[in-house]
Amino acid sequence: MTELIRDQVASFIQDGIRLAQEAEALPPFPLPHIGVERPRQVAHGDYATPVCLQLTEDARMAPRAIATRVVDHLPTATFVGGVDVAGPGYINVTLDSSWVARQTRHILEGGHKWGHINLGSGNRVQVEFVSANPTGPITVGSTRNAVIGDVLASVLEAAGFLVEREYYVNDAGSQVRKFGESLYARYAQALGEDEPFPADGYLGGYVVDMAAELARQLGRKYLESDRPEAIQALGELGIERVLDQAEADLAALRVTFDTWFHERTLYESGLFDRLLQRLRENGFITEREGAVWFTSPDLEEDAVLVRSPQVIPDPAERPTYLGSDVAYVWNKLVERGFDRAIYVWGADHHGDVPRVRAVAKALGLDPDRVEIIIYQMVNLKRGAQDVRMSKRAGEFVTLREMIDEVGPDPIRFLLLTRTVDATIDFDLDLAVEQSEKNPVYYVQYAHARICSILRYAAEQGWDPDDEGDVSLLTHESEQALIRKMLELPEIVAHAAEQRAPHRLTFYAQELAAQFHAFYRDCRVVAEEDAERTRARLMLVRAARMTLAQALGLLGVTAPEQM
RNA sequence: GCCCCAGUAGCUCAACUGGACAGAGCAUCGGACUUCUAAUCCGAGGGCUGCAGGUUCAAGUCCUGCCUGGGGUACCA
């Protein structure tokens with residue numbers, strides 16, 4: 001666990017303001033929140049705060065004058081090398097370079113915990129993601145979902161939250177039947193029967209394949225039994241197999257779940273009925289046209305929870321998704337007691353966000369505990385060409401095909417090179433291209449290069465675990481590399497706070513670039529300078545650890561050679 | 001019609017949720033391998049942040065209106 005330098009700088013500045021007030025260099029006013037940022041320009045130091053720009057009214061002084069008085073009263077701090085007043089009234093803080101050098105040892109001591117922080121202080125967070133309908137293979141959109149959810153979960157873990165990953169299986173309602181009907185038709189056809197395909201059935205070839213396999217394994221068993229029962233049984237069997245496949249494919253993407261939660265259990269346990277009653281008693285339910293509507297002052301329109309028998313004959317198929325969500329959100333926040341439930345949804349579901357939050361509020365829960373991350377769509381490309389996809393016609397590229405074609409590393413990395421708010425083009429050609437256009441290999445190459453140095457050093461008789469004098473790490477490129485490594489905990493904090501997993505891919509690239517610059521400037525293994533070699537080997541090990549940590553959070557492998 | 005997301009360098013995108021001269025990568029042009037991996041590095045050019053107003057000491061970021069692209073708007077999931 002590391003205390004963020006950002007926070008240390010903030011309290012350092014705060015001390016300066018307080019001491020200036022005690023010395024009556026500044027008038028009394030309540031201590032403000034100290035916003036600390038990393039300046040874009042290196043000339044502006046390692047950290048900066050514009051806080052004095054906001055204090056002009058409180059202090060009745062010009063911002064630069066305030067900043068000067070704060071700086072005059074700053075205490076001493078070992079990590080601070082210099083403080084300047086700059087521009088309109090910024091306070092710029094530069095880290096002490098010998099302190100920076102010493103952090104190399106600190107990083108190495110952190111081991112696999114380096115970069116972990118205690119933002120979450122043990123709060124329990126559930127991240128529910130993918131949750132694709134179990135009626136077909138995982139597609140590209142769900143792949144983005146998987147990567148965002150998984151890396152966000154990892155980042156939250158590193159930030160000190162207790163995280164559980166959950167896949168919500170939509171196995172209630174009409175999908176089972178619809179899928180069963182499609183499967184039944186293909187099954188019968190596979191056995192030579194002249195069975196018509198349902199009008200709104202699943203057209204994909206995978207249904208044909210699965211039906212053929214079932215026909216081979218089960219023979220004519222389900223043609224001879226009661227038809228609705230056969231459809232039901234085949235539907236359940238099919239969903240089971242789709243889920244097995246999804247689990248395997250996601251595992252190949254290195255995404256695994258703590259819980260596969262079945263929607264059906266929300267009804268079997270009677271929870272749905274109990275909560276409907278609760279909502280009814282509290283005035284959130286109206287019934288009209290035979291349907292049960294959820295009505296809330298927070299919504300512009302009522303939403304159906306249970307459809308009318310005139311529209312849907314089967315009682316089991318009447319509750320809508322939102323109906324299930326009533327029970328599900330209660331299950332998450334009350335029965336299982338998560339402090340917070342994060343949902344990862346595609347942009348095509350954004351319209352449901354206010355409804356789920358309104359449901360939570362109507363149940364008496366704090367809607368802020370329900371957090372929904374909306375990510376934009378993925379366009380699959382081959383070079384400049386769009387890959388045409390039609391889910392209805394069953395034509396789409398599956399996660400399995402993407403893994404077979406490009407492998408998990410590029411999929412994971414490239415899908416996290418955009419904010420969740422931006423639509424993303426995923427170029428299958430670029431993903432496998434091992435060139436400077438592909439940032440995955442850029443970062444992995446840096447790691448392989450580091451390992452190569454360590455191998456070479458060992459060959460030359462250096463003990464890789466030898467301790468060196470890190471105070472020798474004074475070169476500009478050595479310092480820049482350490483400073484970049486020291487950013488990791490803050491990147492984790494930011495990615496966790498802002499739910500911005502893409503931060504990690506940007507950071508990994510910056511760190512790799514900083515390492516390559518160091519490599520250019522500084523020879524590591526040099527017989528004639530044993531002390532410096534030992535110090536630099538420590539630095540290289542720390543760099544390896546930091547890069548591996550960033551890649552580890554991304555779920556991307558850190559190869560020892562390429 | 002209404003709701004959500006985006007519009008930033010030739011292209012693809014960042015920008016620490018209001019802070020300093022708006023940054024990367026790719027592409028283009030010019031350089032660097034008898035040295036621990038050239039899948040690398042160095043340098044150069046490239047901008048009215050879609051448009052028009054407004055708020056603020058300070059706006060790519062906030063508010064209003066428009067334009068363009070994508071998504072949504074069912075007793076679908």
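What's counted below: heavy atoms across the whole structure, side chains too, no hydrogens, waters or symmetry copies. A note on names: the letters A, B, ... follow the listed sequences, proteins ahead of strands, and every chain is numbered from 1.
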Candidate nucleotides [options], ranked by approach to the side chain of [X] - the nearest:
X	options	answer
A:R38	B:C16, B:C36, B:U12	B:C16
A:A48	B:A20, B:U40, B:C13	B:A20
A:V524	B:C36, B:U12, B:A39	B:C36
A:Q54	B:C57, B:C41, B:A39	B:C57
A:M562	B:C41, B:A39, B:C16	B:A39

Euclidean distance for [atom1], [N] against [M] (whole angstrom):
N	M	atom1	value
B:U35	B:U28	C1'	31 Å
B:C41	B:A6	P	31 Å
B:C62	B:C26	C1'	33 Å
B:G50	B:U61	C1'	16 Å
B:C11	B:C2	C1'	34 Å
B:C33	B:G60	P	43 Å
B:C29	B:G65	P	47 Å
B:A9	B:C3	P	28 Å

Say whether, by atom type as modelled, one donor and one acceptor occur between the side chain of [X] and the main chain of [Y] under 3.5 angstrom.
X	Y	value
A:N145	A:V130	yes
A:T505	A:L416	yes
A:Y328	A:Y321	no
A:T557	A:P559	no
A:T56	A:M61	no
A:D427	A:G383	yes
A:R499	A:L152	no

Counting only side-chain N and O atoms of [X], is one of them less than 4.0 Å from OP1 or OP2 of [N]?
X	N	result
A:R455	B:C36	no
A:Y456	B:C36	no
A:R449	B:U40	no
A:T419	B:A14	yes

Atom-pair distance ([atom1] on [X]; [atom2] on [N]), nearest Å:
X	N	atom1	atom2	answer
A:L430	B:C13	CG	P	12 Å
A:H44	B:G23	NE2	P	10 Å
A:N438	B:U40	CG	P	10 Å
A:E436	B:A24	CD	P	18 Å
A:D58	B:C57	CG	P	14 Å
A:I66	B:C57	CD1	C1'	11 Å
A:L415	B:U12	CG	P	18 Å
A:D429	B:C26	CG	P	19 Å

Handout entry: Base B:A20 to side chain A:N92, donor-acceptor N/O within 3.5 Å cut-off
Key =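 Side chain to base: pair present.
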
Exercise for the section: Hey, which sits more toward the 5' end of RNA chain B by its nearest nucleotide, A:F518 or A:K437? Expected result: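 The answer here is A:K437.
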
Does [N] count as syn, meaning its glycosidic angle lies within 90° of 0, or as anti?
N	value
B:U17	syn
B:C33	syn
B:C63	anti

Please work out if [X] contacts a base, only the sugar-phosphate, or nothing of the nucleic acid, heavy-atom cut-off 4.0 Å.
X	answer
A:Y445	base
A:P88	nothing
A:A457	nothing
A:C522	base

Handout entry: Sequence-aligned protein contact record of nucleotides 71-77 of chain B, with B where the base is within under 4.0 Å of a protein heavy atom and S where only the sugar-phosphate is
Key = BS--BSB

Problem - Ion pair A:E181/A:R177, N-O distance below 4.0 Å - result: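 Looking at A:E181 and A:R177, the cut-off is met.
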
Exercise for the section: Identify whether the distance between the nearest side-chain nitrogen and carboxylate oxygen of A:E478 and A:R532 falls below 4.0 Å. Expected result: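 Looking at A:R532 together with A:E478, the answer is no, because their closest N to O distance does not fall below 4.0 Å.
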
Judged by modelled atom types alone, do [X] and [Y] share a side-chain donor-acceptor pair under 3.5 Å?
X	Y	value
A:T135	A:Q175	no
A:Y267	A:S324	yes
A:Q232	A:E236	yes

Practice task
Check RNA chain B against residues 492-514 of chain A and give the residues with a non-hydrogen atom under 4.0 Å, in numerical order.
Solution key: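 The answer is A:H494, A:Q498, A:H502, A:R503, A:F506.
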
Problem - Option among A:V83, A:I66, A:V93 that satisfies the side-chain contact (heavy atoms from CB on, under 4.5 Å) test with A:V71 - result: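 Checked A:V83, A:I66, A:V93 against A:V71; only one passes side-chain contact (heavy atoms from CB on, under 4.5 Å): A:V83.
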
Problem - Aromatic centroids of A:Y343 and A:Y168 separated by under 6.0 Å - result: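 Between A:Y168 and A:Y343, the centre distance exceeds or equals 6.0 Å.
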
Problem - Stems formed with participation of RNA chain B [Watson-Crick or G-U wobble, under 3.5 Å, three or more pairs] - result: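 Stem list for RNA chain B: B:1-7 with B:67-73, B:10-13 with B:23-26, B:28-32 with B:40-44, B:50-54 with B:62-66.
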
Problem - Non-hydrogen side-chain atoms of A:Y445 and A:H516 separated by less than 4.5 Å - result: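 Yes - at least one pair of side-chain heavy atoms lies under 4.5 Å apart.
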
